[in-house]
Every structure is written in structure tokens, then in C-alpha cells.
Amino acid sequence: MELTVLSLFDAADLLRRHEISSVELTQATLARIEQIDTQVNAYLTVTAERALAQARAADERRAGGETHPLLGIPLAIKDVICTEGVRTTAGSRILENFVPPYDATVVQKLKAVGAVILGKTNTDEFAMGSSTENSGYFTTRNPWDTTRVPGGSSGGSAVAVASGMAFGALGSDTGGSIRQPAAFCGVVGIKPTYGRVSRYGLIAFASSLDQIGPFGRTVRDAAILLQAIAGHDPCDSTAINAAVPNYLESLELGLKGTRIGVPDEYFIAGIQPEVESAVRKAIDVMDSLGAAAHRVSLPHTDYGLPTYYLIAPAEASANLARYDGVKYGYQHPDAHDLMDQYVRTRGEGFGAEVKRRIMVGTYALSTGYYDAYYLRAQKMRTLIKQDFDRVLENFDVIICPTTPTTAFKIGEKTDDPLAMYLADVFTLPLNLAGLTGCVVPCGFADGLPIGLQIIGKALDEATVLRVARAYEQATEWHTRKPGV
Ligand code: GLN
């Protein structure tokens, strides 16, 4: 049996019934990585020995009577999430040799239930990008067409899950970095509510927007992962202290009576016709399953992109001040004084996009410009949030495209930062509003996946997952596999 094509749920079932061991499952996944990762470059670091040791431990725990659905399941972790004793680069040369002394809370939680960590996946540097082309190491390739990008910044995690190199993965989403690569790679991705999942041990990009979330091959797989990582954490003061519902219990309850808002502003000029028609057909499918879709308006949508590209760089410029060569990572070897050390360390350690963000952000925060840029962006952020809140008073979910197009060609947008930023025009507003969203495959155009975005109220991941699951189970898109 080819184990690596199974869903996480099905693999867990085989483990539970003792038909396979975690060691076998882990060996099969490592073999798959060995066999195909040279074609797609999803992993920055593979920790085969550690993974096999964790698999052996998981098998022993199962022999001792433990049963968690993640016990013995091989997973991948985006390289912006700290792993004790395992190099964590954030896709940056400045952290090339950084080995964290502790695990992020999400990693601790996965280890506690016996998951197996295969390694660390590629990302745009400090999660700034939409294609993994800003990685300081290499570009990850889309398994559906290796001349195309996988999306970003969590491109490595999306590719690992799409191509049988992990049964699930964690990513981070500041402006779309889970949802956009999930759409481009034909997998499920969840951006949890801001504060639903601890960010302790997540290398910070933009602290009022960053959120960790899971990738899965099915909605159920992603829900199992979210269940394991969600919840309060005293180590992260932004983690919300609210009970986490049982997502699996409500997952199969169907769509009857579900009120769906379809925002006019997300079907704009420039959207690829096949993307629009796939999303509209998906909404028809949901209608036929008992949901009721209506047109709604999110009038400040146009301002999402400029608002995000002031707030995110402003916060990034502050967060990245710590990489000065004193405590972390790369240090220029022969600077003649402290200022020279800062300048050369940062000049050599950061890539072009990160430098661009630091400059934009520092400018937006500087005296005289703060009111004109940062403060106004914050006000606009409130208006964007109010748009969503108003619609979600009367609707259970909002449904729209995830991206205006399918995966673009490698190199197509690297010389035009604005064109690259536009890849996230449908995902950024959700982060500004702090809400939750799930992406589920809803079609293909020329062999490339299209993703449906389902947005829900704060802390209402359960409804979003239920809607995504009902649609997924009524269609067959999630059963297709890429050629690699
Ligand atoms: N692509 C967006 C950016 O470059 C979002 C990135 C993310 O969500 N981490 O900022």
C-alpha cells in the first residue's frame, strides 16, 4: 500500500488498528521526501533521525494504550516556528545557524500528543512574500506545475502536504500566508482567529496580524491539527482565554439553514474568469445543500492592501530591530565599531524584500509621518473590521475567492513588488479584522488548483470548518493528486 497518499485521518486509523506502525509511516514519508523533494524543494531541514526516534517513542506509547489521532503522525513545521535543538532560519540568512533553545508552544503541544516532526519547511524570508521566492535559500516549486510558485510565504508547508511529504503541516498567516499557498497547491489551510492559537515561539513578523495555523489534505485533517494547537497560553499575552470547542463533533452537521454572504467587492476586474466561475459554482453547490447565499458588501475592501502594507511593515521594522548581530544569528566578522557592526550585519544578513519593508515601516512610523500614514492606516483598519462585523451579524460565513488567479510562474512577479503584493488582495483584509478563514479546493484551471475562501466570526472556527467540510464532501477536488 502507498502510505503517503493517505489522509491524516486514514493513516491514524491504520495506526489505531495496529495495521502499520509509526516507524513504517515515518520511513515511508522520509523515503518520499528523499525521492521527490529535489523536484519541489519544500524542506529547508529534514530531521530524519529525530523523526524516527519520535516514531519509535510513539509506537511504544500506543503499545502502552495511548490513542490520540496525531500519535505517530509525521508532520512538517514552517521554519518561522521555533524547534528546540533544530535550526530555525525564518528563511533568512541572518538566522542561518540559529538553533532555538526551546520549542514554540504549538510544537510542544504536537509533541505532547506524540506527533512526529519531519523537519522545517521553506518560507519567504521572515514570512514576507507570496511565492517563497524571497527565501534566502531557494524557491519552492508548485507540485502541480514545477515552473510555477507554490504561493507563500508558507509555500514549503503547503507543498509538503500536497505532495505526500507530510500528513499535515503548520504555517503562519499574517496577510494570507496559509490561505494563498493552500489555494495554489490544492490543500486545505486554516487561518485561525487572532489569539486562538499561541504564537509563543513564532518568529515575529507583524505582531498584530501574525497567526499560526494548520494545513491538511482534507478539512477533517486540518481540524484535527487545529484542535491540537488551539487554546490559551500564559506565555503569549495575546492568546485568548476561551474554551476550545470540539471541532470534530460539529464537522459533519451539514449546511441546512447556513446563511452565506457573497461580497461584491471580491469579484473585481482582473480576476481570472475560471477562478470566479469555480467560486460561483461552489456557492451553487452549497445552495443545493441547503445553504442560502446572498450578495453583501464590504465597502472598504479596496483599502485593505494599502492599510496592510503600512501596518505590517511598521510592525516588522520594530520586530526586526533585534537582528543586530549581538544576540542572534549572523554577525559581520570584522566590523570596526558597533554602528559598523549593525550596518554590515543587517546589510549582509537581510534580503531585498525585508530591507524594503524595514525602510517603508520605519518611514511610516517616523515623526511627522506617523499621523499621515500609520495612524490613518489604523483608522482604516477599524473601518475594514466594521465591514466584516456588520455582515457577520446577519450571515454565518462570507464566501469569496482566495486569490485573483491560479499559481503564477516563477520569476513572473519578482521585479514588481506591487504585483506580488496584489496576490494577497483577497486574504489581507481578514487579518486586519482578526477573523478566521479556511481555504478548501474548489476546482482547477489548466491543471492548477483553485481555492475557496470561507470567512467566519471571531472564534467561530467550528462553523467555518463545518461549511468547508460539507462542501468538500459534496465534491471531489480534494481527491486529486499532483503529478510529482
Ligand atoms: N504576502 C503577504 C506579505 O508579503 C502576507 C505574508 C504572510 O501572511 N506572512 O506580507
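Keep in mind the model is a prediction, meaning the values are calculated, not measured. In this chain, residues are counted from 1 in sequence order. Note that ligands are numbered from 1 as they come in the structure, with each ligand's atoms numbered from 1 the same way.
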Query raised in the report: CZ/R141 to CG/N122 distance, rounded to the nearest 0.5 angstrom?
Result: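 Answer rounded to 0.5 Å: 12.0 Å.
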
Query raised in the report: Charged N to carboxylate O under 4.0 angstrom, D173 versus R179?
Result: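 So D173 pairs with R179 through a salt bridge.
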
Query raised in the report: Is the shortest distance from a Lys or Arg side-chain nitrogen in K120 or D79 to a carboxylate oxygen in the other one below 4.0 Å?
Result: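 Between D79 and K120 there is a salt bridge, with a charged N closer than 4.0 Å to a carboxylate O.
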
Is the closest N or O pair between [X] and ligand 1 shorter than 3.5 Å?
X	result
D424	yes
R357	yes
M128	no
G176	yes
G175	yes
G129	yes
S172	no

Query raised in the report: Has the side chain of E461 got a donor or acceptor atom that lies under 3.5 Å from a matching backbone atom of T193?
Result: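 Checking the backbone N and O of T193 against the side chain of E461, a donor-acceptor pair under 3.5 Å is found.
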
Query raised in the report: Are any side-chain N or O atoms of E412 and backbone N or O atoms of K409, one a donor and one an acceptor, separated by less than 3.5 Å?
Result: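 Yes, E412 side chain to K409 backbone: donor-acceptor pair under 3.5 Å.
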
Would [X] count as a contact residue for ligand 1, given that I'm defining contact as a non-hydrogen atom of the residue lying under 4.0 Å from a ligand atom?
X	value
A312	no
Y421	no
M420	no

Query raised in the report: Short list, please: which atoms of ligand 1 are under 4.0 Å from a heavy atom of S153?
Result: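 Heavy-atom distances to S153 below 4.0 Å select 9 (N).
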
Query - Enumerated ligand 1 atoms positioned under 4.0 Å from heavy atoms of F205 - result: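 Going through ligand 1 atom by atom, the ones under 4.0 Å from F205 are 9 (N), 10 (O).
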
Requested in this report: Indicate, with yes or no, if the rings of F205 and F126 have centres closer together than 6.0 Å.
Outcome: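 So the answer is no for these two rings.
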
**Report entry** Shortest protein heavy-atom distance from atom 6 (C) of ligand 1, along with the residue and atom involved
**Finding:**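 So the nearest neighbour among protein heavy atoms is S177 OG, 2.9 Å.
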
Requested in this report: Distance to 0.1 Å, residue and atom name: give those for the protein heavy atom nearest to atom 5 (C) of ligand 1.
Outcome: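 Checked against all protein heavy atoms, atom 5 (C) of ligand 1 sits closest to Y308 OH, 3.3 Å.
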
Query raised in the report: How about R199 and Y194: does a side-chain donor come under 3.5 Å of a side-chain acceptor?
Result: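 A pair is found: one side chain offers a donor N or O, the other an acceptor, under 3.5 Å apart.
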
Query raised in the report: If you measure only the distance, is there a donor-acceptor pair under 3.5 Å linking the side chains of D124 and T132?
Result: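 No pair is found: no donor N or O on one side chain lies under 3.5 Å from an acceptor on the other.
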
Requested in this report: Give the contacting part of Y309 toward ligand 1: side chain, backbone, both or neither, where contact means a heavy-atom distance below 4.0 Å.
Outcome: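 Looking at Y309 and ligand 1, just side chain atoms fall under 4.0 Å.
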
Query raised in the report: Does ligand 1 have a heavy atom under 4.0 Å from the side chain of A127, from its backbone, from both, or from neither?
Result: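 For A127, backbone and side-chain atoms both sit under 4.0 Å from ligand 1.
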
Requested in this report: Establish, yes or no, whether the cationic atom of R87 lies under 6.0 Å from the six-membered ring centre of Y137 and within 45° of the ring axis.
Outcome: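 R87 over Y137 ring: yes.
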
Query raised in the report: Is atom OH of Y266 surrounded by more than 12 heavy atoms (other residues, nucleotides or ligands) closer than 6.0 Å?
Result: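 More than 12 within 6.0 Å, yes.
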
